[in-house]
Amino acid sequence: MDPGGRDLPVFSRDILSGPAVEAAHSLVGAHLVRGSGPDERRGRIVEVEAYVGQEDRASHARFGQTKRNAVMFGPPGVAYVYLVYGMYSCLNVVVEPEGRAAAVLIRAVEPLSGAAAMRSARLASAMARTGRHGRAAEAGAARSVAALPESALAAGPGLVCAAFSIDRRHDGADLCQPGSDLRLESDGSGVPAIEAGPRIGIGYAPEPWRSRPWRFFVRGNPAVSRGLGR
DNA sequence: GCAAAGATTTGCT
DNA sequence: GCAAATCTTTGCC
């Protein structure tokens with residue numbers, strides 16, 4: 001149940017089985033939900049990126065099927081979670097029919113409920129990273145997390161996973177299953193203005209892939225990553 | 001079997 | 001604004 005007391009349906013797997021760019025666009029405004037009852041963490045997706053298939057030279061699928069990206073080749077509505085830069089997890093939603101390797105990266109989420117739990121999870125993640133650098137580093141990180149505005153708790157792909165405690169154990173989890181611990185729900189109320197732009201962090205990809213406007217975000221939303229598009 | 005780079009974030013110069 | 005942190009995955013020898 002969302003903060004407005006509404007009971008929302010899980011996100012439609014049919015929509016996710018459609019073309020990646022369309023699926024990405026429709027995921028903006030949907031809810032990402034972890035847990036239920038008083039422990040529920042819920043946020044509104046405000047930024048995504050589409051990775052359209054093996055032909056997309058920016059996609060992890062560009063080398064064909066490997067152990068890491070295997071779930072991208074499977075059925076839609078399933079989580080593809082990978083580790084980037086040895087430190088951060090990133091959450092994707094597998095899209096398009098089974099056999100087509102496409103996914104949508106969830107880049108940013110605006111907290112709707114469970115913000116305190118998200119902040120604790122961010123703190124736990126920061127402690128794990130700074131622990132070996134000593135007490136002073138830990139104290140500094142704790143202050144930084146405590147000072148974050150609510151809108152910044154999941155304002156980036158690595159931060160979404162930190163705030164929702166998502167890691168590679170969730171790789172392959174079904175996000176369209178009612179009652180699942182980690183799931184997508186649709187918010188019928190819709191989103192005002194969705195803007196499109198080039199994807200972030202894919203400078204290694206040749207044109208035309210590098211410039212394709214396949215990043216979608218809610219214009220002016222403070223939870224969009226790194227101030228992009230505000 | 002080894003070298004290189006990465007769909008990021010953070011903190012310091 | 002830039003570089004470091006950190007480790008898995010991929011590509012090539």
Side-chain angles (χ1 to χ4, degrees), chain A residues 20-21 23-24 27 45-73 79-95 101-109 118-119 121-149 151-164 166-171 196-217 223-229:
Chain A
V21 170
L27 277 168
I45 297 171
V46 296
E47 184 183 1
V48 300
E49 280 175 2
Y51 290 86
V52 305
Q54 290 185 70
E55 69 275 21
D56 180 354
R57 302 316 279 169
S59 172
H60 286 171
R62 65 190 182 279
F63 301 122
Q65 183 165 349
T66 64
K67 188 174 179 186
R68 174 174 69 163
N69 66 21
V71 303
M72 285 183 82
F73 291 75
Y80 165 47
V81 183
Y82 66 91
L83 191 68
V84 263
Y85 299 105
M87 268 170 271
Y88 300 101
S89 297
C90 290
L91 171 68
N92 296 256
V93 181
V94 174
V95 298
V104 175
L105 172 68
I106 306 300
R107 284 194 59 89
V109 162
M118 293 182 198
R119 197 180 295 275
R122 283 289 306 274
L123 181 64
S125 159
M127 291 299 102
R129 261 181 296 116
T130 57
R132 72 191 65 180
H133 296 301
R135 207 82 184 256
E138 280 196 346
R143 268 192 301 277
S144 301
V145 172
L148 287 173
S151 63
L153 290 174
L159 305 181
V160 168
C161 285
F164 283 77
I166 295 166
D167 59 37
R168 281 175 298 171
R169 290 189 295 261
H170 294 89
D171 192 45
R199 294 172 290 181
I200 307 296
I202 55 156
Y204 56 84
E207 295 290 4
W209 310 105
R210 192 191 313 174
S211 300
R212 287 275 130 97
W214 289 340
R215 168 176 168 261
F216 301 101
F217 56 99
V224 170
S225 69
R226 292 198 293 194
L228 296 162

Could you state the atom-to-atom distance from [atom1] of [X] to [atom2] of [N] in whole Å?
X	N	atom1	atom2	answer
A:Y204	B:dT8	OH	C1'	12 Å
A:R129	C:dA5	CZ	P	14 Å
A:L148	B:dG11	CG	C1'	14 Å
A:D167	C:dT6	CG	P	18 Å
A:R143	B:dG11	CZ	C1'	13 Å
A:R122	B:dT9	CZ	P	9 Å
A:Y82	C:dT6	OH	C1'	16 Å
A:R212	B:dA7	CZ	C1'	18 Å

**Under 3.5 Å: donor-acceptor pair, side chain of A:S144, backbone of A:G140** = yes

Check every strand shown and say whether [X] touches a base, only sugar-phosphate, or nothing at a heavy-atom separation below 4.0 Å.
X	value
A:L105	base
A:A58	base
A:R210	nothing
A:R68	sugar-phosphate

**Item:** Aromatic ring of A:Y51 stacked on base six-ring of B:dA7, 5.5 Å, 30°
**Value:** yes

Starting the side chain at C-beta, find the nucleotide from [options] nearest to [X].
X	options	result
A:T66	B:dT8, B:dA7, C:dT10	C:dT10
A:R168	C:dT10, C:dT9, B:dT10	C:dT9
A:Y85	C:dT8, B:dG6, B:dT9	B:dG6
A:L159	C:dT10, B:dT10, B:dA7	B:dT10
A:M87	C:dA5, C:dT10, B:dT8	C:dA5

**Asked** Is there a Watson-Crick or G-U wobble partner for C:dC7 with both distances under 3.5 Å, and if so, which one is it?
**Response** B:dG6

**Request:** Going by the side-chain contact (heavy atoms from CB on, under 4.5 Å) test, name the single residue among A:D171, A:V95, A:L105, A:V104 that passes it with A:Y80.
**Result:** A:D171

**Asked** If the P atom of C:dA3 is compared with that of B:dA5, how far apart are they to the nearest Å?
**Response**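 To the nearest whole Å, 15 Å.
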
**Of A:S144 and A:A103, the one whose closest DNA chain B nucleotide lies more 5'** =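 Looking at DNA chain B, the more 5' nearest nucleotide goes with A:A103.
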
**Asked** Which comes earlier along DNA chain C counting from the 5' end, the contact point of A:Y88 or that of A:L83, where each point is its nearest nucleotide?
**Response**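 So the residue in question is A:Y88.
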
Side-chain heavy atoms of [X] within contact of [Y], under 4.5 Å:
X	Y	answer
A:M118	A:F164	yes
A:Q54	A:F73	yes
A:I202	A:Y51	yes

**Message:** To the closest 0.5 Å, what do you measure between NE2 (A:H60) and SG (A:C90)?
**Reply:**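 Interatomic distance, A:H60 NE2 to A:C90 SG, rounded to 0.5 Å: 8.0 Å.
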
**A:R62 side-chain N/O to C:dG11 phosphate OP1/OP2 under 4.0 Å** = no

**Request:** Indicate whether OP1 or OP2 belonging to B:dT8 is found under 4.0 Å from a side-chain N or O atom of A:R107.
**Result:** yes

